[in-house]
Amino acid sequence: MHRHGGGIALMAEDRYDPQAVETRWQARWESDGLDQVQVDPTRPPFYALEMYPYPSGDLHMGHIRNYSIGDVIARFYRMRGYNVLHPMGWDSFGLPAENAAIQRGVHPARWTEANIANMRRQLKRMGFSYDWEREVTCSSPDYYRWTQWLFLFLYRRGLAYRKQAPVNWCPECQTVLANEQVVAGRCWRCESPVTRKDLEQWFFRITAYADRLLDDLKLLEGWPERVRAMQEHWIGRSHGAEIHFAVQGTDERLTVFTTRHDTVYGATFMVLAPEHPLVLRLAKGTAQEAAVEEFVERTARLGAEERAGDQVAKEGVFTGGYATNPMTGEPIPIWVANYVLMEYGTGAIQAVPAHDQRDLDFARQYGLPVRVVIQPPGVTLDAETMTEAYDGEGIMVNSGSFDGMPSAAGREAVADYLERHGLGRRATSYRLRDWLVSRQRYWGAPIPIVYCRECGVVPVPEDRLPVLLPPEVDIRPRGMSPLETAPDFVQTSCPHCGRPARRETDTMDTFVDSSWYYLRFCSPKAMDGPFDPAEVSYWMPVHQYTGGIEHAVLHLLYSRFFVKVLHDAGLVRFQEPFRRLLTQGMVTKEGQVMSKSRGNVVPPDEIVEKYGADALRLFILFAAPPEQGWDWPATGVDAVEPMHRYLQRVWRLVQACRPVVTAAGVAGPPAGPDAPGAGEETVALRRQVHRALAKATNDIAERYNFNTAVSALMEMTNALYHYRERVPAGRQDPAALREGLEILLRCLAPFVPHLAEEAWAALGHTESAHRQAWPQADPDLVRAEEVTVVIQVNGRVRDRMTVAAGTSESDLVRLARERERVSAYLRGKSVVQVVTVPDRLVNLVAR
RNA sequence: GCCGGGGUGGGGGAACCGGUAGACCCGACUCACUUAAAAUGAGUUGCCCGGAAGGGCGUGCGGGUUCGAGUCCCGCCCCCGGCACCA
């Protein structure tokens with residue numbers, strides 16, 4: 001055994017210095033325009049997109065993870081010959097800028113600019129390969145002009161409208177919120193309990209696209225199941241029926257929505273939502289009037305959480321009115337209760353306590369009758385004593401001429417009957433509501449609408465866009481739009497008749513900005529429209545979108561809606577914006593979200609300073625598969641150190657091999673596995689290198705398992721290191737070493753672009769490592785020559801043997817039975833069955 | 001409650017189609033180099049019994065299918081994320 005003492009020794013000055021190397025190459029790449037792209041019809045496009053950040057001031061670990069993943073994908077596809085669009089921009093409208101302005105007296109625009117400058121610096125320092133020429137900033141007039149244009153585009157298509165409605169109000173943010181932005185009754189941003197307000201607001205008619213948004217989820221095979229499930233649930237389509245109930249003593253009728261019209265004979269009472277317009281009218285003049293009024297008033301005051309939260313007890317009062325069950329003709333009492341929502345269905349339900357748990361709870365609480373109309377298989381329900389409603393399928397009973405019908409068939413039969421007799425009709429209901437886009441805040445795109453006393457609601461003509469945000473406005477929140485306080489903004493003339501008119505003073509939800517930014521990136525400087533159709537048709541749809549799961553419903557649903565509208569107008573050819581979606585897991589610290597207020601932030605800047613961007617990138621990719629949540633280790637910044645050590649190891653390897661592999665005559669291919677001169681160790685090395693290459697390629701392209709791709713590259717490094725260290729110099733093939741090193745460096749390029757480039761240049765290359773083709777694994781080398789075959793006796797591993805790959809099954813069995821250790825286990829027994837898996841195992845079943 | 005994802009060494013995580021459980025990295029331990037330490041390199045490291053050879057146990061729990069189960073099936077438990085009176 002020969003030993004080299006200190007291994008691959010290096011002089012101190014040869015240490016890899018990430019700070020110097022990384023900044024040097026960043027400057028070089030920038031001046032070379034390495035990452036800039038144009039449409040090129042001769043090459044296949046690949047649009048690699050990561051969700052653009054809100055410019056909060058600093059990159060956090062979630063960004064680093066998101067963008068490191070995206071950068072590997074972008075660089076990988078570039079090396080595979082694709083023309084890769086990889087842009088970055090800023091989701092720069094939004095509340096934090098205003099809050100900072102209020103707290104520190106700095107204008108939101110200035111605050112935003114400063115944050116963008118810092119975060120752009122941080123992104124560049126990470127070496128992400130963005131085409132910065134395409135940077136978009138959605139708070140810039142060049143951008144929001146087109147956001148306004150798109151608002152008008154929706155308006156002209158009847159998809160933007162104004163209505164008076166009860167809306168979610170966040171008292172902390174002093175603005176309204178869309179349903180998607182209310183999480184468990186609280187504001188998604190500040191977590192304050194949301195209250196209700198009755199306001200006239202602008203909405204986008206996303207419900208008109210509910211069916212397509214739902215049905216087309218099936219097309220999104222490249223999306224994670226959980227995201228599709230979340231959207232499916234959010235849209236919440238239910239097929240059922242509307243049934244009309246006549247209100248006794250009036251001409252009124254009450255319509256309910258139900259998915260269980262097969263249970264209509266069991267409807268023993270009705271329940272209305274407290275906001276239902278009929279509630280007060282029904283009670284009027286009855287003994288119940290005062291009680292109903294009191295109840296309605298009391299529930300109206302409550303916020304969403306207190307009103308409809310999980311732990312809120314059901315509560316209601318009898319309205320004094322009766323309806324007629326259209327099937328039985330019986331009078332049934334009409335109640336009002338907190339568990340019925342005005343927003344869903346018709347705001348009224350038929351209560352079938354025997355077959356709906358909520359109705360049963362309510363019926364038991366108030367002593368209302370229970371009637372069994374569906375008989376489950378094998379059990380007999382007792383209406384008097386049952387405490388659990390039976391909501392499954394069964395046989396209809398107590399249901400007149402429908403008795404004996406299975407419930408599924410009964411639904412069809414009842415629906416036919418209702419339709420035939422004008423008592424109701426088949427209907428579909430959705431959870432999805434229209435998207436409320438008005439915001440009573442300053443830092444957003446002004447809604448481009450003017451109100452004229454003569455002409456009414458008048459859109460600002462497209463050629464007068466953008467409607468600019470006035471710079472000097474008192475933005476302190478006061479429950480109304482800050483733009484109200486800017487007379488020069490508010491007072492305008494009607495674009496239609498020229499008379500004095502008022503501008504709309506609300507701004508748009510910032511999710512409108514992000515619903516189309518991916519289109520703008522295709523032609524960021526387009527002057528004639530939000531995007532250039534030719535450029536968009538080359539790049540779109542996005543091939544790979546990477547971002548946080550928190551946008552599973554919000555941003556991803558809104559963007560899908562926008563694309564469908566644009567598609568219908570013939571402006572884009574595709575139906576879906578994002579072909580493949582990768583949602584990376586959250587980075588936490590001690591199980592908690594990293595945040596300044598918690599004081600558990602691991603600052604990327606510090607890591608970059610200490611170990612370099614490459615080490616940080618590699619660390620976060622190596623730690624866990626991208627979809628998985630992951631907790632930053634207790635060692636904090638220093639957790640990255642092992643990756644720094646690995647990069648030093650790669651560098652030492654390259655330095656040590658350099659004189660040998662760059663010597664004259666080494667450029668040719670190494671001797672093949674069958675060449676007479678090829679030493680055993682050399683072939684073994686090449687097998688290891690090519691096998692690791694094949695694994696890394698597959699892990700990146702097919703599985704997005706960057707952690708295992710990195711581990712394959714580490715194994716490749718170890719194989720090269722051991723070859724160089726342990727094989728006697730005379731038997732080392734410099735060409736094989738060179739081949740291995742060059743494969744390694746090209747594979748490392750997407751992960752650690754700076755080190756790869758520096759080492760690539762050190763091997764004498766003058767063209768960038770990032771302009772190289774991704775290496776191809778040689779199938780002859782990937783294929784194993786010798787394999788370890790496991791020998792089992794009765795399913796337990798008892799021995800292993802090394803045989804030539806492809807050894808026949810009969811030979812395998814013969815060889816296995818010859819083994820001493822195996823025969824010891826077989827002594828006194830007879831083999832009754834033999835199972836072989838070629839190249840893997842032999843299992844001898846003996847008794 | 002419903003939907004989605006998990007539970008594997010001291011830690012992060014591998015095992016892709018039912019076929020060598022624990023790749024790779026960290027930590028720990030031993031050794032070399034060093035006056036010493038760091039760095040670097042060589043090695044050991046799932047648990048238990050054993051001096052060793054060797055044997056037994058082992059992927060949340062209980063069953064099952066199979067020559068063979070981390071992987072498939074049935075029934076549970078726990079953790080994370082989403083939704084939550086949606087009729």
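First the proteins, then the strands, lettered A, B, ... as listed; each starts at 1.
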On RNA chain B, does the nearest nucleotide to A/Q350 precede the nearest nucleotide to A/A623 from the 5' side, or the other way round? Give the residue. A/A623
Could you check A/V227 against A/R796 and say which one's nearest nucleotide on RNA chain B is further toward the 5' end? A/V227
Mate of B/U45 where both pairing distances stay under 3.5 Å, Watson-Crick or G-U: B/G27
Any strand: nucleotide that pairs with B/C61 via Watson-Crick or wobble, under 3.5 Å: B/G75
When the distance from CD of A/Q628 to P of B/G13 is rounded to whole Å, what number comes out? 5 Å
Take the angle between the ring planes of A/W435 and A/Y558 and call it parallel below 30°, perpendicular above 60°, tilted in between. parallel
Below 30° counts as parallel, above 60° as perpendicular, anything between as tilted: where do the rings of A/H551 and A/H555 land? perpendicular
Give the nucleotide from the list [options] with an atom nearest to the side chain of [X].
| X | options | answer |
| --- | --- | --- |
| A/R821 | B/G55, B/A84, B/C3 | B/G55 |
| A/D356 | B/C85, B/C67, B/A87 | B/A87 |
| A/F622 | B/A21, B/C25, B/A87 | B/C25 |
| A/R431 | B/C83, B/A42, B/G27 | B/C83 |

Have A/D434 and A/T207 got a donor and an acceptor in their side chains that come within less than 3.5 Å? yes
Quick check: do A/I620 and A/W632 have side-chain heavy atoms less than 4.5 Å from each other? yes
